[in-house]
Structures are given as structure tokens and as C-alpha cells.
Amino acid sequence: MSATDLSLHLVTDDRMPFAHVVDVVDAAASSGVTVVQFRDKTATGRDLFDRVTALSDVIAGRVMFVVDDRVDVVLAARAAGARVDGVHLGQTDLPVFAARRLLGADALIGWTANTPAHFAAAAALPPDTVDYLGVGVIRATATKPDHPEPLGVDGFAELVASAPLPCVAIGGIQTHDVAPLRRAGAAGVAVVSAVSAAEDPAAATRALREAWS
């Protein structure tokens, strides 16, 4: 999956009604995001299945679609005919090598990494186990209250200087952060509120796309 365009990820906001999430995803998928990550930390397994399959229909293959944490939901949705391209895993989720074995060589698999030890663990994995690292937070963000100390652009640059894999910056990112993060070595940026909380999610997505380009 190394050829995947990682430049602009939309991570959904589970603080919003799902109907709004659908509208935001639809708008963003038409306006320049390259990956949609569905993240919902509170829904039941059945609700996750229903929402993932619904979003798969909305996205309709326009962009890559991954699910946060839940390999089981990805497998169930795929079994029901939904297109789900992969998963993004945290350090305490299912091991990435197990996810790769379950989802196959073509799946897009991301892994959260925000310390030198995490980067060392990623470097020690067999080739093609993980496709990219999600690195942050860049700035303090209300969407993840338990986040680590913010890195800032300079901290991100220092951390990813010897990264073993492409790194996607996440955490409190706004449009003005995008170009500096790209110069700092980011393979992409991931946003939540910058699109989901915008009055016009499509316009916000286009602005982020332009800032990256």
C-alpha cells in the first residue's frame, strides 16, 4: 500500500450526531481528502458495524476508508460486502502483525506512534506490516483529552527525522499548520475539527488541500 496518497485524512468526530458525520464525510470525499478514518470510541459493536457499512456506501470508493481500532468490525463489514480498506491501530490495540495477517497484504494499516520507543518498535517490524505512522499530537486538542504532550511542528520534525515509515501528523491541526508540517517531513496531515466543526466542511477541506499543495 506504499503508493497510497496519505496527504489529507479526515478523522470523524464521535461527539457529533452520526447524520452529521455522514454529511461531513460525503462533502470531504468530494473536496480533497484522500483517507477517511471512522473513529467512534463509545458506540456498540452493532452500531459500529451499521455505521461503517453506511459510510462505505456514502464514500463509494472515492477515497480510502479505514476504521479506528476495530479489526473485527472491518472484517464483519467486509463480509457484508462493504468496501473498507483498512484499520488504524493504537499502541494498546490488536498487534499490527495480527491485523496484517487478518486483513491481507492489500489493506491500509496505520499505527499510532509518538515516542522514540514507538518508532523503534515500528522499525523492528517485518517489512509491509504497517503502511504509515500517525504522529502527534501537534497541538492540544479536545477530541482526544488523554493526548500526550503536544509536539508542535518543531517537535514533530525532530521525532520523524529518522522515521522508518511515512508519518501522518495529527492533533489540533489547522490550515496554517499544513505547509509547515509538510516541510517538516509529514507524508500527510489528519484533521478532525478543522473539517467536522467547520460551517462549510467542503470549503474547509478544499482549503486544507490547497495548503498541502
Side-chain angles (χ1 to χ4, degrees), residues 4 6-29 33-59 62-78 82-96 99 103 107-114 118 130-148 150 167-174 186-198 201 204-205 208:
T4 299
L6 299 170
S7 57
L8 184 53
H9 296 229
L10 169 66
V11 182
T12 62
D13 191 342
D14 61 8
R15 300 171 302 172
M16 297 181 171
F18 183 65
H20 182 70
V21 171
V22 169
D23 290 342
V24 169
V25 167
D26 190 25
V33 300
T34 58
V35 181
V36 169
Q37 180 190 144
F38 177 60
R39 184 168 74 186
D40 192 327
K41 300 290 191 182
T42 60
T44 64
R46 179 53 192 260
D47 283 345
L48 287 173
F49 172 82
D50 289 343
R51 292 171 187 180
V52 167
T53 53
L55 286 177
S56 173
D57 289 342
V58 169
I59 293 167
R62 288 177 288 171
V63 301
M64 299 294 283
F65 179 36
V66 302
V67 174
D68 185 61
D69 296 349
R70 297 292 296 268
V71 176
D72 59 329
V73 174
V74 174
L75 290 168
R78 285 181 165 189
R83 173 177 165 172
V84 187
D85 298 292
V87 69
H88 184 94
L89 297 169
Q91 290 288 323
T92 59
D93 294 323
L94 192 71
V96 287
L103 296 178
L108 179 64
I109 296 181
W111 199 24
T112 297
N114 45 44
H118 295 164
V130 171
D131 296 297
Y132 71 91
L133 300 177
V135 182
V137 298
I138 305 305
R139 308 195 187 287
T141 170
T143 63
K144 198 171 178 65
D146 59 345
H147 63 69
C167 291
V168 175
I170 187 169
I173 294 170
Q174 298 297 321
V189 296
V191 299
V192 184
S193 299
V195 170
S196 290
T205 302
L208 288 160

>> Check whether R78 reaches the backbone of L103 with its side chain - one donor and one acceptor, N or O, closer than 3.5 Å.
In response: yes
> Can you name the side-chain contact (heavy atoms from CB on, under 4.5 Å) partners of V192, sequence neighbours left out?
Replying inline: V11, D13, R39, T143
>> Restricting to side chain to side chain donor-acceptor pair (under 3.5 Å), what partner residues turn up for D69, sequence neighbours left out?
In response: K41
>> Taking V66's backbone N and O only, do any of them form a donor-acceptor pair with D85's side chain (distance below 3.5 Å, no angle check)?
In response: no
>> Do D93 and W111 have side chains that approach each other closer than 4.5 Å (heavy atoms only, starting at C-beta)?
In response: no
Report all side-chain donor-acceptor pairs from residues 20-27 shorter than 3.5 Å, counting only partners two or more places apart or in another chain.
from, atom 1, to, atom 2, distance (Å)
H20, NE2, S196, O, 3.2
D26, OD1, R62, NH1, 3.3
D26, OD1, R62, NH2, 2.7

>> Let me confirm one number: the CG-CZ distance from L48 to R70, rounded to the nearest 0.5 Å.
In response: 5.5 Å
>> Run the side chain to side chain donor-acceptor pair (under 3.5 Å) test against R51 and tell me which residues pass, sequence neighbours left out.
In response: D40
> Got a second to check how far I138's CD1 is from N114's CG, nearest 0.5 Å?
Replying inline: 10.0 Å
> Where the side chain of D131 meets the backbone of G110, is there a donor-acceptor pair that is under 3.5 Å apart?
Replying inline: no
>> Assess the residue pair F18 and L55 against the criterion (side chain to side chain contact (heavy atoms under 4.5 Å, CB included)); give the C-alpha distance rounded to whole Å, side-chain angles, the decisive distance to 0.1 Å, and a yes or no.
In response: CA-CA 10 Å; F18 183 65; L55 286 177; 3.9 Å; yes
>> Using every non-hydrogen atom in the two residues, find where A107 and G86 come nearest and quote the distance to one decimal.
In response: CB-CA, 4.4 Å
> Between V195 and A28, what is the shortest heavy-atom contact and its length?
Replying inline: CG1-CB, 4.5 Å
>> Applying ring pair (Phe, Tyr, Trp, His ring centres under 6.0 Å), can you list everything that pairs with Y132, at least two apart in sequence or on another chain?
In response: H9, H88
> Under the side chain to side chain contact (heavy atoms under 4.5 Å, CB included) criterion, do L89 and V71 qualify, and how do the steps go?
Replying inline: CA-CA 9 Å; L89 297 169; V71 176; 4.1 Å; yes
> If you round to the nearest 0.5 Å, how far is CG of L10 from CD of Q37?
Replying inline: 9.0 Å
>> Run the salt bridge (charged side-chain N to carboxylate O under 4.0 Å, His left out) test against D57 and tell me which residues pass, sequence neighbours left out.
In response: none
>> Apply side chain to side chain contact (heavy atoms under 4.5 Å, CB included) to residues V189 and L8 and explain how you reach the verdict.
In response: CA-CA 5 Å; V189 296; L8 184 53; 3.9 Å; yes
> Between R15 and S193, what is the shortest heavy-atom contact and its length?
Replying inline: NH2-OG, 3.5 Å
> If every non-hydrogen atom of A194 is compared with every non-hydrogen atom of I173, which pair is closest and at what distance?
Replying inline: CB-O, 3.6 Å
> Under the side-chain contact (heavy atoms from CB on, under 4.5 Å) test, which residues partner T53, sequence neighbours left out?
Replying inline: F49, A77, A82
> Do T205 side-chain atoms and P201 backbone N/O form a donor-acceptor pair below 3.5 Å?
Replying inline: yes
